[in-house]
Amino acid sequence: MPSDIRVRIAPSPTGPLHIGTARTALFNYLFARHTGGTFVLRLEDTDVARSTAAFEKDILDGLHWLGITWDEGPGVAGVEEAGPYAPYRQMRRLDTYAEAAAHLLATDQAYPCYCLPEELEADRRAQEAAKLPARYLGRCAALTAGERAAKAAEGRPAATRFRVRPGVVGWNDLVRDRVEIDTANLGGDFVIVRGDGNPLYHFTVVVDDAAMEISHVIRGEDHVSNTPKHILMFEALGHTPPVFAHLPLILNPDGTKMSKRKSQTAVADYIAQGFLKEALVNYFAFMGWSPGTEEEVFSLAELAERFELEKVQKGGARFDRERLKWVNGQWIRRLGDEDLVSRLMPFLEAAAVAGQIDRTPGEDEVRALLPMVRERLPTLAAIVDVVGYLWVDDLAVDPAAIIPKRWDAATTHDALAAARAALVAHDAVTWEADELEPPLRALVESWGWKAGDLFMAIRVATTGKTATPPLFDTLVALGRERTIARLDAAIERLAETA
RNA sequence: GCCCCCAUCGUCUAGAGGCCCAGGACGCCACCCUUUCAAGGUGGAGAUCACCGGUUCGAAUCCGGUUGGGGGUACCA
C-alpha cells in the first residue's frame, strides 16, 4: 500500500562510510520498507574543503554492498540521480538555500550580522571567564538600515542570523517521548549563512527536509539538542516540522561516542576483514533495537518485516566485536555453497597477492573444502589461517614444533618415518580419509603410542599448525604426493636435530 | 560552566505494577563429543534491576531527588 512516509539519510562525503552512518541508514531503510514509505539519500557536501568524490563513492558503494537501497537520490539503480525532488546534492541546491534565506531576511525572521569572528571569540571568552553560558549577545539584532550600511561600508561581510524566539520548543520523539527545550538555552540567534555566502548545515537540512517533504527524521541522539533550532526554522519557513526519532548512539567499548581513535569505524574495513553484509546488518539492527523475542538471527528482509521504532532502545549501545564475530559465524554457516565460495574467492586472491599463499585455488577446489572449513570460519578472511598451508609451496616447519609434549625428537622421527611408510604403501587412487585412518591407527596400536601424539606430529609436519580441520581430510586435500614430501622434509630435519 | 538525554548480568538485551528473589544471547568456566581446532550438546558463575526517598496491598516497571555516564553547546557536519 502506498504511504506518505518519507525518510532520508544525509551523509557528508567527508570521510569513508562510518558505522554510525550505516546504522542510521539501516534504521531509516527498515522503517521505510516496513511502512511502505520512501527512502531518500541526500548528499550533504557543503563542506567543500573536506568533501571528496572518493568518499562519496565509498559511502554509496558501502550502503549498496550492505543491501540498503534507496528510492530517490544519487546512485539509484545505477543512475546518476533519480527522483522528483532532484537535485539531491546540496552543492547543487545553493539557490534553494539562498531563496529560503532571502525569505527569512525579508520577513525579519533573520537578519544580517556584521560581527567579526574575533569579536565573537572575545565574547565567548568573556562569558567563559564569567562562568556564563556561551551565547550570541545580539549586537546586530536591532541594527537600523543606516547602521547596517555603515558596517557594510567598513568592509565587514554579513552573515545571516536566525532570530530565536523566546519560549519552549517541544516535540514528541518516537523513541524518547516528549522532549522540551527552552529556547533561552540555544545560545542566542544563530548563523544560518556564513559571511562568505555559504549556508550552514542546520539551515540546509531544514530547507531540504522541508523541500523534499520528509515526514520522519530518524537520526542519531547527538542531534537532540539541535532539534529545537530545526523546529524553529521549519516554522519560520512555514512548514510543519517532521516527526523526529532520535536513535541511541553506537559507543566505543568504553562507553564514549564512537570514534576512529578507539574503534574501527569504517565499514570498508569490516568488509576487508571478511565480515558478511548479512552479519553487519543483523548486528547493527540489534544495537538499539530488538524484536522483543529471543530470536537473534535476522536477514535484512526479516528485519524490515519486524522493525518498529517503538521498540528502539533509549540508551547507547557499546560496540562488541566478539558478538559481531559470532553473528558473522552464524551467517557463514547459513550461506549456500556457491555463495560461500564466491565470497571466499576474493580473500584467497588477496592472500595470493599479499604472498601469504603461493597460488589461488580454483572454485571447485574451494567448494570441495567447504565441509571441513565452514564451521571454522569466524570471518571470510580466516580461510587463509584455516587452510592456507594447502597452497604454500615451501612449508618451513620448525622441527621442534613437530615434537609432541610426551615425545622426544628420536621418537617423533621414528614415528613419522613409520607413518610415512604406511602412507606410501597406500594406493594413490584410494587416498581418502576413511582409507588413511586405519593403517595409522594400526601403527599406533602396535607401537603403543597415543593416537593424538602421532596425529599431532603428522599435523604439524604437514601443515605447520597445531590447529587444523580433521587430519585425514586435511591430508586428502593436500594430496598424496605433497603429504609424503612434507613428511620427508620433517623426517630429515628431525634426523638433524636428533 | 550551561542545556538535554540515558541508567536491567562484563557486553547486547527481554521486561510496558503482581507471571521476575529478573529471561535470552555474546563472552567466560566445566563437562560431553573428539586426533588438534572449531561447530554442537549439557551445566555453571555472573544483575540486592545505579542509589535514596515516595505512590501502591504489591515496583525493575509510576513520581521526586541524588549519583554516574553520554550528547550538545561553532560563520563543522
Side-chain angles (χ1 to χ4, degrees), chain A residues 10-12 14-15 44-47 49-51 113 115-117 120-121 124 127-136 157 159-161 173 176 179-182 184-187 190-202 204-205 220-228 246 248-249 251 253 255-257 283 286-297 310-311 313-327 329 333 372-378 385-386 437 440-441 444 450-456 458-460 463 465-472 474:
Chain A
S12 290
T14 53
E44 311 226 317
D45 54 359
T46 53
D47 188 344
R50 294 193 299 147
S51 296
C113 172
C115 295
L116 267 12
L120 297 172
E121 181 56 27
R124 202 169 301 129
Q127 287 161 346
E128 196 175 326
K131 293 201 179 264
L132 290 169
R135 73 189 333 265
Y136 176 60
T160 305
R161 253 179 216 280
D173 197 287
R176 41 206 69 211
V179 181
E180 293 187 336
I181 294 175
D182 192 319
N185 298 312
L186 260 31
F190 56 91
V191 174
I192 55 177
V193 180
R194 274 196 285 232
D196 64 8
N198 287 129
L200 257 19
Y201 165 79
H202 289 305
T204 60
V205 237
E221 184 192 344
D222 49 345
H223 284 292
V224 171
S225 300
N226 298 146
T227 303
H246 288 93
L249 260 24
L251 277 16
T256 52
K257 186 182 184 181
Y283 182 66
F286 274 68
M287 301 204 76
W289 176 83
S290 108
T293 64
E294 290 180 353
E295 301 155 281
E296 309 272 351
V297 182
E310 293 66 29
K311 293 195 87 72
Q313 201 82 11
K314 292 189 184 71
R318 299 175 196 225
F319 191 84
D320 182 356
R321 200 183 165 89
E322 285 307 310
R323 198 179 166 85
L324 204 212
K325 269 159 75 175
W326 175 78
V327 177
R333 272 163 238 145
M372 61 187 254
V373 301
R374 171 170 241 130
E375 57 207 25
R376 275 167 255 265
L377 296 175
D385 298 321
V386 178
E437 187 164 0
L440 292 178
R441 289 268 179 201
V444 164
K450 292 266 191 192
D453 288 338
L454 204 223
F455 295 168
M456 183 54 88
I458 297 175
R459 169 177 292 113
V460 177
T463 68
K465 302 177 74 81
T466 53
T468 71
L471 183 62
F472 306 108
T474 304

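Convention: sequence-line order gives letters A, B, ...; per-chain numbering from 1. Computed over heavy atoms, backbone and side chain alike; hydrogens, waters and symmetry mates excluded.
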Q: Identify whether any heavy atom of A451(A) sits under 4.0 Å from a base atom; if not, whether one sits that close to sugar-phosphate; answer base, sugar-phosphate or nothing.
A: nothing
Q) When you list every nucleotide of RNA chain B with an atom under 4.0 Å from a heavy atom of chain A, which one comes first 5' to 3', and which comes last? A) G1(B) to A77(B)
**Q.** Contact nearer the 5' end of RNA chain B, comparing D222(A) with P199(A)
**A.** D222(A)
Q. Under 4.0 angstrom, heavy atoms only, what part of the nucleic acid is G220(A) near: base, sugar-phosphate, or nothing?
A. nothing
Q: Looking at every strand, decide which applies to I192(A) at a 4.0 Å heavy-atom threshold: base, sugar-phosphate, or nothing.
A: nothing
**Q.** G68(B): pairing nucleotide in any strand, Watson-Crick or G-U under 3.5 angstrom
**A.** C6(B)
Q. Under 4.0 angstrom, heavy atoms only, what part of the nucleic acid is S290(A) near: base, sugar-phosphate, or nothing?
A. sugar-phosphate
Q | Watson-Crick/G-U partner (both atom distances under 3.5 Å) of U61(B) | A | none
Q: Using a heavy-atom cut-off of under 4.0 Å over every strand shown, decide if R135(A) touches base, sugar-phosphate, or nothing.
A: nothing
Q. Across the strands shown, which category fits Y283(A) at heavy-atom distances under 4.0 angstrom: base, sugar-phosphate, nothing?
A. nothing
(Q) Please classify the nucleic acid contact of R459(A) as base, sugar-phosphate, or nothing, using heavy-atom distances under 4.0 Å. (A) base
Q) Hey, are the side chains of F319(A) and L324(A) touching, using non-hydrogen atoms and a 4.5 Å cut-off? A) yes
Q: Determine the contact category for Y201(A): base if any of its heavy atoms lies under 4.0 Å from a base atom, sugar-phosphate if only primed atoms, P, OP1 or OP2 are that close, otherwise nothing.
A: base
Q.
Say we look at U56(B) and G1(B): how far apart would their C1' atoms be, to the nearest angstrom?
A. 40 Å
Q: For T204(A), enumerate each residue passing the side chain to side chain donor-acceptor pair (under 3.5 Å) test, keeping only those at least two apart in sequence or located in another chain.
A: Q90(A)
Q.
Just to be sure I understand the rule, does P470(A) reach a base, reach only the sugar-phosphate, or reach nothing, if contact means heavy atoms closer than 4.0 Å?
A. base
**Q.** Sugar-phosphate, base or nothing in reach of T466(A), heavy atoms under 4.0 Å
**A.** base
Q) Taking any strand in view, what nucleotide pairs with A74(B) in a Watson-Crick or G-U wobble way, both distances under 3.5 Å? A) none
Q.
Within the 4.5 Å heavy-atom criterion, are T227(A) and V179(A) side-chain neighbours or not?
A. no
Q) With a non-hydrogen cut-off below 4.0 angstrom, is T256(A) in contact with a base, only sugar-phosphate, or nothing? A) sugar-phosphate
Q. Looking across every strand, which nucleic acid part, if any, lies under 4.0 Å from Q313(A) by heavy atom: base, sugar-phosphate, or nothing?
A. sugar-phosphate
(Q) Base, sugar-phosphate or nothing for G255(A)? Non-hydrogen atoms, less than 4.0 Å. (A) sugar-phosphate
Q. Under 4.0 angstrom, heavy atoms only, what part of the nucleic acid is L200(A) near: base, sugar-phosphate, or nothing?
A. sugar-phosphate
**Q.** Heavy-atom side-chain contact between F455(A) and R441(A) under 4.5 Å
**A.** yes
Q: Using Watson-Crick or G-U wobble geometry with both distances below 3.5 Å, tell me the partner of U56(B), or none.
A: none
Q) Within a radius of less than 6.0 Å around CD of E128(A), do more than 12 heavy atoms belonging to other residues, nucleotides or ligands occur? A) no
Q: Flag the pair V460(A) / T466(A) as yes when at least one side-chain heavy-atom distance between them is below 4.5 Å, and no otherwise.
A: yes
**Q.** Same-atom distance (C1') from G54(B) to G58(B), integer angstrom
**A.** 15 Å
Q) Using purine N1 to pyrimidine N3 plus N6-O4 or O6-N4 for Watson-Crick, or N1-O2 and O6-N3 for G-U wobble, both under 3.5 Å, which nucleotide pairs with A25(B)? A) U11(B)
Q. Is a salt bridge present between E221(A) and K257(A), judged by a nitrogen-to-oxygen distance below 4.0 Å?
A. no
Q: Nearest-nucleotide wise, let me know which of K314(A) and W326(A) is further upstream toward the 5' end of RNA chain B.
A: K314(A)
**Q.** 4.5 Å side-chain heavy-atom contact, L200(A) and F190(A)
**A.** no
